[in-house]
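Report on the structure given below.
We name chains A, B, ... by the order of the sequence lines, and we start the count at 1 in each one.
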Amino acid sequence: MENRKANILIVDDEKGLRIGTQRLLQDEGYLVDTAENGASGIKLALEKDFDLAIIDLKMPDFDGLEVLRVIKASKPNTVCFIATAYASYETAIQSTRLGSFGYIPKPFTPEELISQVELGIKQRKLIVDSEKLKKERDENLLEIASEKSRLNTIVKSISDGVLVVNRVGEIVFYNYAALKYLNISELKIGNRAESKLPKKILDLVNKILSSDKILLKTFTLQLELLPENQLVVEAACTPVPHPDGSILGVAIIISNITQFKQIEHIKSQFVSMVAHELKTPLAAVQGFLNILLDDSIETDKEKEKDYLNRSITRLNGLKDLVNDLLDISRMELKTKIREIEEIHLQQVVQNSIQMLEFEIAKKKISVAITLEKELPVIKADVNEISRMITNLVSNAVKYNCEGGKIFIDASAKNNYVWIRIKDSGIGMKPEEKSRLFTEFYRIKNEKTRGISGTGLGLTIVKRIVDSYHGKIEVESEFGTGTAFTVYLPINTN
Amino acid sequence: MTLIAVIDDDPDILDASSMVLKSKGYKVITANNPSDGFKIVKEKKPDLIILDVMMDEPDDGFFLAQKFRKEKISTPILMYTSVSKALGLDFGKNEMVPVDDFVEKPISPDELVKKVEALLHKTKEKK
């Protein structure tokens with residue numbers, strides 16, 4: 001409005017007055033429209049948004065007050081004047097009630113009119129400015145509201161729990177994940193923290209709230225919410241500082257660390273098992289060497305030799321174990337470089353039998369090999385496939401009876417090549433079968449006593465099979481024998 | 001003559017321990033599994049039992065020790081362990097683990113003998 005001319009509407013049935021006023025105001029720099037009766041005055045006023053309107057009170061068609069009412073109803077910000085030669089106290093009050101800004105008695109001098117119009121324009125300016133401010137404020141509020149709701153949506157949808165406690169110990173913010181992890185079924189903003197939070201978290205929150213100086217530091221603690229590592233969460237509590245240096249409250253982030261805990265547990269179990277497996281042969285060897293060194297213990301030459309031989313055997317076992325462990329760790333880290341080539345299973349099986357010739361002959365075991373003539377070639381690392389078959393055949397020898405049998409069959413079916421290694425050995429009980437592929441698991445009973453092994457052979461087999469996207473099946477009957485069947489996918493490209 | 005029963009599934013440990021104990025003048029009987037172990041203790045009534053914690057199963061030794069106590073066999077038990085520290089097991093001398101002392105394997109002959117003598121001495125004093 002500051003940069004444009006104000007526009008004014010004059011509604012009057014008296015032509016002379018209408019035109020005179022128009023000219024006067026135009027000379028003052030205003031844009032002026034005129035209407036010769038009430039109806040066209042209303043029409044014009046509603047079409048355009050006038051800054052100001054001067055309405056004659058007495059017109060043939062409409063009463064000026066009626067024109068004022070209609071204009072004010074739809075254009076409340078148009079500043080209106082009532083002009084009349086019949087000024088009375090009642091019409092003055094009535095026109096003010098209907099929203100008229102002023103009352104101009106006729107006849108008027110140009111100065112009187114102009115000073116009234118100037119006042120009206122000032123008023124219009126105030127109205128427009130305040131409208132503008134109001135609109136701006138509303139827009140800002142809207143922005144804040146949508147920002148707040150966006151932030152809310154984000155915080156509510158994250159998978160970590162978020163909870164804020166203010167300095168008097170009330171819960172002032174939370175998301176659904178927090179309820180889930182802390183197993184709270186009902187929580188309202190303003191609830192007391194001590195009635196809702198686990199004691200350990202509460203103690204930490206109170207410690208932070210009551211500390212003299214703010215340490216902008218996060219304090220964490222772990223909570224086992226369900227026993228045996230079924231649900232473990234970590235609560236990270238951080239003070240929320242006020243600009244004046246005091247503490248406004250504490251923000252608590254709750255994350256689910258169950259999986260980490262479970263992995264940690266598996267890892268420490270594995271380490272213990274490895275330690276035990278390594279230490280047992282060491283203890284035996286150390287025991288023998290201590291005896292040999294101890295002058296107070298009498299031994300003969302034969303016994304000494306026996307102890308040394310047994311020490312060597314244990315050390316060999318230890319070496320095998322370390323090699324198996326290294327293989328497993330290489331497989332896990334996938335650092336082992338594979339040399340993929342075309343493999344003929346016949347050859348791998350023959351080589352494995354050759355490697356175990358001595359053990360097979362010692363136990364007088366007969367081996368029957370039935371391989372399909374046109375076995376498809378598989379693409380794999382020959383060392384891994386031969387390790388897999390050797391481990392299985394070696395088990396078939398170790399857990400066989402004197403004079404027992406081993407059957408090795410292989411064929412192709414659909415997308416797989418399968419190879420079965422079956423023995424007539426001691427077999428397994430169902431509960432033993434289920435733990436077969438676990439690291440260091442070795443079946444121990446009267447029949448397996450004296451059979452040496454690292455307890456990692458089948459673990460390695462399983463990992464090799466898995467790495468080629470194959471599968472392994474076990475059939476076994478206690479006292480009768482065991483059959484392992486490995487399926488390897490045929491690589492068609 | 002003092003009789004000691006050694007129960008361990010590792011034949012090398014059995015032999016080495018027997019050798020050490022025999023050289024110190026003890027009489028030794030051995031078993032390489034829990035059921036034989038129970039039998040020799042019941043029949044021969046040794047003065048001391050040396051028992052390995054892990055036999056067929058990781059806690060076979062504990063079960064056997066508990067079985068002895070249930071059967072009112074109060075012979076002192078010295079338990080062989082190899083990974084109690086690694087497993088984080090911190091046994092106390094309570095009813096759950098009714099043994100009198102622990103030895104961490106491997107152990108030197110001197111240490112083994114010292115432990116055995118101490119335990120036998122303690123039992124004598126009690127009587």
Hey, are the side chains of A:Lys462 and A:Leu458 touching, using non-hydrogen atoms and a 4.5 Å cut-off? no

Before accepting this row, confirm whether a basic side-chain N of the pair B:Arg69/B:Asp100 lies closer than 4.0 Å to the acidic partner's carboxylate O. yes

If you count heavy-atom pairs within less than 4.5 Å of chain B, which of A:Val285, A:Ile297, A:Leu282 leads? A:Ile297

Sort by residue number and list every residue of residues 109-119 of chain B having at least one heavy atom under 4.5 Å from chain A. B:Pro109, B:Asp110

By ring-ring contact (aromatic ring centres under 6.0 Å, His included), B:Phe38 pairs with (sequence neighbours left out) B:Phe68

At under 4.5 Å between heavy atoms, what parts of residues 310-326 of chain A are in contact with chain B? List them by residue number. A:Arg310, A:Arg314

Please rank A:Gly287, A:Ala283, A:Ser296, A:Pro281 by heavy-atom pairs under 4.5 Å with chain B and give me the top one. A:Ala283

Among A:Glu298, A:Gln286, A:Lys303, which residue forms the greatest number of heavy-atom pairs with chain B at distances under 4.5 Å? A:Gln286

Are side-chain heavy atoms of A:Phe270 and A:Lys267 found at a separation under 4.5 Å? no

Residue part contacting chain A, namely of B:Lys22, when any heavy atom lies under 4.5 Å: neither

Checking A:Tyr307 now: which residues fulfil ring-ring contact (aromatic ring centres under 6.0 Å, His included) with it, not counting sequence neighbours? A:Phe288

If we only count heavy atoms from C-beta on, is the A:Arg330 to A:Asp327 side-chain gap below 4.5 Å? yes

Turns out that what part of B:Leu14 lies under 4.5 Å from chain A's heavy atoms comes down to neither

Atom of B:Val28, atom of B:Leu3 and distance for their closest heavy-atom approach: N-CD1, 4.3 Å

Could you report the tightest heavy-atom contact between B:Asp10 and A:Ala284, atom names first, then the distance? OD2-CB, 4.4 Å

Using only heavy-atom distances, determine whether the side chains of A:Glu304 and A:Thr299 contain a donor-acceptor pair under 3.5 Å. yes

Looking at B:Glu104 and A:Lys279, does any basic side-chain N land under 4.0 Å from a carboxylate oxygen? yes

How about A:Phe484 and A:Val474: do any of their side-chain heavy atoms sit closer than 4.5 Å? yes

What I want to check is whether the side chains of A:Asn400 and A:Ser424 have a donor and an acceptor closer together than 3.5 Å. yes

